[in-house]
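Here, residue 1 is the first one in the sequence, and each next residue gets the next number. None of these values were measured; they are calculated from a predicted model. Atoms within each ligand, like the ligands themselves, are counted from 1 in listed order.
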Amino acid sequence: MGLYAGIDLGGTQLKYGLINEEEQVVFHHSTKTPNSIPELMELIQQLIQNLRNQNSQPLVSVGFGFPGIYAHREQRILQSPNYPSIENFDLVPALSAFIDIPFFIDNDANMAAYGEYKMGAAKDAHSLVLLTIGSGVGTGIIIEGRLWQGACGFAGELGHATVNPDGEKCNCGSLGCLETEVSGPKIVKNFQGLTRSRQTLTSKEIFLKAQAGDKAALEAFSQAGRFLGIGIAIAINVLNPEKVILGGGVMKAGDILLHSALQEARKRSYKYAFECCTIQRARLGNRAGFMGAACWAKDKLIPQV
Ligand SMILES: [Zn+2]
């Protein structure tokens, strides 16, 4: 009997927790993300030590979800717009210096998808695509019960599928990525364009206006929703997934965004694949990452998973 830790590093918060052999969360907590890598390593060392001291059961393994593009071969994050200081940092030797049990690293969105698959909205689904829509779009893919990582670990970047060829420049270097067209900042821009104002409202304020029936605010969300629908249709047509799970802060807009997204996804999907797919909201919120990482740490110990 033992415990498995999951650690999910975000741009502002580091979330962590423990699961037991029955895959129940027995502890979770969050703390501010440190600014520098030495501070981050010190924090991880300290919290692993605390997790060990506070529990009589042994800690068996640790799973990490780090933000950015994680290269399996190099065992490094190559690019991380949300936490640039981690780019090209030699993670494995640094963590090995103080972690004497097995540990496993992957991308944070992949870990969130694994969490929803193991414990959340897609529990026991055969296949799923998770889209986490916030300031960016994170995606993870599970196929036949396995996390689809791709040849080098870079799979699942649906956020960088082009949904608008004439769209705006993305951090990745491309134009009109799903990420640039549906994220919170784009909803703000849509609203400014529609109202011809430079008023700087947050996407939440625009949501409140939309809720109150403001036409421009509703249309700002609809525009984003249509692009989200195109992204969902790409996932449905390529993978024929059992589920598409939608999470992240922007999804709090609910039907205001979903209505146009579903309409567009239906229009652009191969009809049989669309009918076969359940599109639903994520269930674990911002805990999905650490929960997935903890399950990942547990399952990776079993051969062939
Ligand atoms: Zn992009």
Side-chain angles (χ1 to χ4, degrees), residues 8-12 65-72 74 76-88 106-113 128-142 147-193 202-203 220-239 241 244-251 253 257 260-261 264-265 268-269 282 286 288-289:
D8 176 31
L9 180 71
T12 54
F66 285 123
I69 299 282
Y70 183 68
H72 285 181
E74 294 83 358
R76 288 173 186 199
I77 299 283
L78 301 186
Q79 201 185 347
S80 181
N82 289 331
Y83 199 65
S85 48
I86 206 168
E87 287 176 8
N88 286 309
D106 214 293
N107 161 275
D108 55 351
N110 282 351
M111 292 297 94
L128 75 100
V129 175
L130 170 75
L131 285 157
T132 307
I133 307 153
S135 51
V137 174
T139 321
I141 298 171
I142 307 285
L147 179 67
W148 181 251
Q149 296 169 299
C152 298
F154 310 142
E157 291 298 332
L158 187 63
H160 297 286
T162 302
V163 292
N164 179 5
D166 304 315
E168 292 183 40
K169 196 155 173 36
C170 178
N171 281 335
C172 75
S174 183
L175 290 178
C177 293
L178 178 61
E179 176 163 303
T180 59
E181 299 301 323
V182 308
S183 57
K186 186 61 201 292
I187 291 165
V188 174
K189 273 197 180 169
N190 289 349
F191 182 74
Q192 286 172 332
T202 63
S203 52
F221 274 95
S222 282
Q223 287 179 352
R226 285 197 289 275
F227 287 116
L228 174 59
I230 294 174
I232 292 171
I234 292 171
I236 288 177
N237 286 345
V238 173
L239 297 171
V244 169
I245 307 290
L246 304 171
V250 171
M251 281 313 297
L257 183 76
S260 59
E264 197 71 22
R268 292 180 186 268
S269 301
N286 65 9

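Atoms of the protein (N, O or S only) found under 2.8 Å from the Zn ion (ligand 1) are His160 ND1, Cys170 SG, Cys172 SG, Cys177 SG.
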Taking only distance into account, with no hydrogens and no angle test, what donor-acceptor pairs under 3.5 Å do side-chain atoms of residues 173-184 form with protein atoms, sequence neighbours excluded?
from	atom 1	to	atom 2	distance (Å)
Glu179	OE1	Val137	N	3.0
Thr180	OG1	Cys177	N	3.2
Thr180	OG1	Cys177	O	2.8
Glu181	OE1	Lys186	NZ	2.9
Glu181	OE2	Glu168	N	3.4
Ser183	OG	Glu179	O	2.9

Taking distance alone, no hydrogens or angles, what donor-acceptor pairs closer than 3.5 Å link side-chain atoms of residues 220-234 to residues at least two apart or in another chain?
from	atom 1	to	atom 2	distance (Å)
Ser222	OG	Leu218	O	3.3
Arg226	NH2	Glu219	OE2	3.2

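With hydrogens and angles disregarded, a donor-acceptor distance shorter than 3.5 Å links the side chain of Asn107 to the backbone of Gly68. The main-chain N or O of Pro165 is never found under 3.5 Å from a side-chain atom of Thr162 such that the two would form a donor-acceptor pair.
Evaluation of the side chain to side chain donor-acceptor pair (under 3.5 Å) rule for Asn82 yields no partner, not counting sequence neighbours.
Minimum interatomic distance between Phe154 and Tyr70 (heavy atoms only, all atoms of both residues): CE2-O, 3.5 Å.
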